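Note that the structure is a prediction, hence the values are computed from the model and not measured. Read the numbers this way: they start at 1 and go in the same order the structure lists the ligands and their atoms.
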Amino acid sequence: MPGTCVIGLQWGDEAKGKLVDILTEHHEIVVRYQGGANAGHTVVSGGETWKLSLIPSGILRNDVSCVVTGGVVLDPASIIGEIDMLEGRGVTVAGKLRLSDRAHVVFPWHVAEDAILNGNVTGGEAIGTTGRGIGPCYRDKVGRSLALRLGDLYRPEFRQQFDHVLKAKRQLLEAARSAGASPIELDGEAIFRQYSNYADRLRDCVGDTTHLLLDAVEAGRPVLFEGAQGALLDIDHGTFPYVTSSNSSGVGVASGSGVPGRWINRVIGVVKAYSTRVGGGPLPTEQDNPTGEHLRQRGREYGTVTQRPRRCGWFDAVAARYTARLSGVDELAVMLLDVLGGLDELRICTAYEIAGRRVEQFPSHIDDLRQAVPIYETLPGWPEELTDVRREADLPVAARRYVDRIGELLGRPVTIISVGPDRDQTIFRNTAPATAACPPTNQQEQATV
Ligand code: GDP
Ligand code: IMO
Ligand code: MG
């Protein structure tokens with residue numbers, strides 16, 4: 001079977017982009033199927049750094065098609081900016097990129113709504129979105145009556161539909177202004193002209209990607225699905241409401257791409273060797289102290305999209321075990337292992353204490369997660385720099401032990417270890433890729449609340 005997926009198991013930025021770039025070598029098609037320009041995926045190759053947002057991280061390789069499906073919310077200005085950046089740096093995009101006519105389009109009113117409504121959620125802290133109009137665009141998709149899809153931009157009724165939506169959006173922004181929000185003007189003519197120009201520019205890339213992908217998998221062509229965000233940001237299964245607006249765990253691959261799960265036979269769960277989170281919401285293992293600062297500085301933990309400092313903490317095996325199961329993960333890639341170098345001791349959270357009780361199952365309600373006090377296991381650290389290590393046997397014993405412990409706690413083998421941002425700084429282990437993952441034991445998953 002031809003499908004492989006790369007899914008982030010934490011709160012995003014697990015280095016999915018690096019892994020997708022590496023795995024592209026063995027695939028013919030790379031697919032982005034959810035999220036939008038909130039994603040920032042970094043690929044480093046031969047000393048050059050590439051930051052991609054909507055275009056799949058496979059684009060740097062030749063002889064590969066890159067597909068953006070209908071599950072993505074597509075900001076045309078953003079993707080055109082990426083195309084220009086890539087072509088300006090000598091990467092061929094023309095003929096390699098296909099965009100679904102079903103993808104919902106992000107308009108300036110979505111970005112305006114994101115700014116206005118990105119305040120407090122009911123009684124809590126701000127979600128701290130990326131401000132890219134993601135939530136408002138998905139809201140219009142689900143609401144249907146004010147939604148415009150990429151294919152609509154090429155239809156004779158586009159002007160009429162645009163005017164209908166514009167009128168409603170002006171009323172909404174006016175209501176928000178009356179309620180105290182800053183005034184936002186929408187210049188309808190300018191926006192219409194701009195989006196007509198975007199449509200002209202993208203015309204050759206736009207089409208039906210669902211049939212394209214179904215034809216590919218049915219013909220046995222290898223397809224790589226690139227998840228954006230991380231499973232803990234999944235709208236249905238993540239740390240709601242501090243999540244993004246799409247299914248960013250493994251469950252989103254089929255709905256976002258139109259390719260049924262039966263075509264996917266390899267799911268790689270990507271984790272950082274520690275935890276990070278950008279924006280609001282609980283991060284039980286957060287280290288707001290010199291350890292957290294050590295991780296932030298060594299891992300250069302600043303947002304790719306917004307440049308915000310990422311919150312850093314110890315590896316949370318309760319959270320990652322949950323998302324590995326949720327995403328049907330077969331094997332694990334442990335990234336940024338080098339960042340842990342220089343710490344005397346390392347901690348892994350193996351359970352939480354919530355309201356005085358030991359809990360090993362990730363809580364479904366945010367209030368329980370807020371109260372969770374991590375129960376840690378301590379492992380020895382290592383002083384060595386790992387960035388030049390290329391063979392598993394050359395890793396310090398403590399580093400190998402740490403990685404293996406992550407695999408044990410998540411019930412899946414670790415097949416890939418990353419020790420630096422570059423393509424070359426990657427260790428492939430001899431562990432045979434698991435087709436049937438070792439399920440966690442009943443005891444591990446027993447609910448105690
Ligand atoms: P993504 O959103 O999951 O693709 O991840 P990001 O690109 O947002 O963040 C990952 C960051 O870690 C990027 O700056 C990568 O260049 C960098 N990176 C990837 N792998 C490694 C690694 O093994 N070690 C270190 N130190 N950095 C890495
Ligand atoms: P990649 O693909 C990390 C976070 C935002 C915010 C929440 C909602 O690079 O891993 P949104 O703009 O989506 O409505 O914001 O989700 N977020 C990410 N955090 N990596 C990402 O993508 C993210 N995309 C969204 O910081 O907390
Ligand atoms: Mg990122």
Can a salt bridge be assigned to the pair E331 and R429 using a cut-off of 4.0 Å between side-chain N and carboxylate O? no
Specify the protein heavy atom at minimum distance from atom 7 (C) of ligand 2: its residue, its atom name, and the distance to 0.1 Å. V243 O, 3.8 Å
To which protein heavy atom is atom 6 (P) of ligand 1 closest, and what is the distance rounded to 0.1 Å? G40 O, 3.5 Å
Is there a heavy atom of G40 sitting under 4.0 angstrom from any atom of ligand 2? yes
Aromatic ring pairing W109/F107, orientation class (parallel under 30°, perpendicular over 60°, tilted between): parallel
Quick check on R401: does its CZ atom have over 12 non-hydrogen neighbours (other residues, nucleotides or ligands) under 6.0 Å away? no
Which heavy atom of the protein is the closest neighbour of atom 26 (O) of ligand 2, given with residue, atom name and distance? R308 NH2, 3.0 Å
For T42, is at least one N or O under 3.5 Å away from an N or O on ligand 1? yes
Does an N or O anywhere in V339 fall below 3.5 Å from an N or O of ligand 1? no
Tell me which protein heavy atom sits closest to atom 12 (O) of ligand 2, plus the residue, atom name and distance to 0.1 Å. T130 OG1, 2.6 Å
Among all protein non-hydrogen atoms, which one is nearest to atom 11 (C) of ligand 1, and what is the separation to 0.1 Å? R310 NH1, 4.5 Å
Close-contact set for ligand 2 against W11 heavy atoms, below 4.0 Å: 3 (C), 19 (N)
Atom name, D13 (N, O or S, nearest to the Mg ion (ligand 3)): OD1
Give a yes or no on whether a salt bridge exists between D21 and R61, defined as a side-chain N under 4.0 angstrom from a carboxylate O. yes
Result for side-chain hydrogen bond (donor to acceptor under 3.5 Å, both in side chains) between E226 and one of K16, R32, H41, Q34 points to H41
Protein heavy atom under 4.0 Å of atom 21 (C) of ligand 1: yes
R310/D13 salt bridge by N-O under 4.0 Å criterion: yes
So, regarding G280 and ligand 2 (criterion: nitrogen or oxygen to nitrogen or oxygen, under 3.5 Å), is there a contact or not? no
Show which atoms of ligand 2 fall inside a sub-4.0 Å distance from at least one heavy-atom site of G279. 27 (O)
Would you tell me which option among T239, L233, N38, T244 has the nearest heavy-atom contact to atom 17 (N) of ligand 2? L233
Suppose we measure from atom 23 (O) of ligand 1 to each protein heavy atom; which comes out shortest, and what is that distance? S418 OG, 2.5 Å
Write out the residue and atom name of the closest protein heavy atom to atom 4 (O) of ligand 1, then the distance separating them to 0.1 Å. G17 N, 2.9 Å
Is it the case that the side chain of T69 and the backbone of G256 share a donor-acceptor pair, with hydrogens and angles ignored and the cut-off at 3.5 Å? yes
Need the ligand 1 atom indices (1-based, order shown) with element for anything under 4.0 Å from a heavy-atom of V419. 23 (O), 24 (N)
Against heavy atoms of H41, which atoms of ligand 2 measure under 4.0 Å? 1 (P), 2 (O), 9 (O)
If you measure only the distance, is there a donor-acceptor pair under 3.5 Å linking the side chains of R98 and T209? no
Under 4.0 Å from a heavy atom of A228: which atoms of ligand 2 are those, numbered in the order shown and with their elements? 2 (O)
Taking 4.0 angstrom as the limit and counting only heavy atoms of A39, give me the atoms of ligand 2 inside it, by number and element. 1 (P), 2 (O), 9 (O), 22 (O)
Check the pair S65 / R221 against side-chain hydrogen bond (donor to acceptor under 3.5 Å, both in side chains), numbers first and verdict last. CA-CA 11 Å; S65 297; R221 295 173 65 198; 5.0 Å; no
Consider every N or O of A15 and every N or O of ligand 1, then say whether any pair is closer than 3.5 Å. yes
The protein heavy atom nearest to atom 27 (O) of ligand 2 is V278 O, 3.0 Å
To which protein heavy atom is atom 26 (N) of ligand 1 closest, and what is the distance rounded to 0.1 Å? D338 OD2, 2.8 Å
Salt bridge or not between R277 and D316? Use side-chain N to carboxylate O under 4.0 Å. no
Is there a polar contact between ligand 1 and G420, counting only N or O atoms under 3.5 Å apart? yes
Flag G299 as yes when one of its N or O atoms lies below 3.5 Å from any N or O atom of ligand 1, and as no otherwise. no
How far is atom 12 (O) of ligand 1 from its nearest protein heavy atom, and which residue and atom name does that atom have? L336 CD2, 3.8 Å
Say whether H104 and D140, considering side chains only, have a donor N or O and an acceptor N or O under 3.5 Å apart. no
For atom 10 (O) of ligand 2, which candidate among E14, R132, K16, K51 holds the nearest heavy atom? K16
Would you mind running through ligand 2 and noting each atom that sits below 4.0 Å from a heavy atom of G128? 5 (C), 6 (C), 26 (O), 27 (O)
Atom 3 (O) of ligand 1: which of K16, Q10, K51, M335 has the nearest heavy atom? K16
Looking at K272 and E301, is any side-chain nitrogen of the basic one under 4.0 Å from a carboxylate oxygen of the acidic one? yes
Nearest to atom 17 (C) of ligand 1, what protein heavy atom do you find, and at what distance? P421 CB, 4.1 Å
Flag the pair K169 and E113 as a salt bridge only when some basic side-chain nitrogen lies within less than 4.0 angstrom of an acidic carboxylate oxygen. yes
For R390, does the CZ atom have more than 12 heavy-atom neighbours from other residues, nucleotides or ligands under 6.0 Å away? yes
Scan side-chain atoms only and decide if S255 and N247 contain a donor-acceptor pair under the 3.5 Å cut-off. no
Expected output: side-chain T239 to main-chain L232 donor-acceptor under 3.5 Å: yes
Closest to atom 15 (O) of ligand 2 (judged by heavy-atom distance), picking from V270, V73, T276, T129: T129
Exceeds 12 heavy-atom contacts within 6.0 angstrom, atom CD of Q307: yes
Enter the distance from D338:CG to S418:OG here, rounded to the nearest 0.5 Å. 6.5 Å
How close does the nearest protein non-hydrogen atom get to atom 23 (C) of ligand 2, and which residue and atom is it? Q229 CG, 3.6 Å
Answer with yes or no whether the side chains of K18 and T426 bring together a donor and an acceptor at under 3.5 Å. yes
Tell me the protein heavy atom at minimum distance from atom 3 (C) of ligand 2, and give that distance in Å. D13 OD2, 3.2 Å
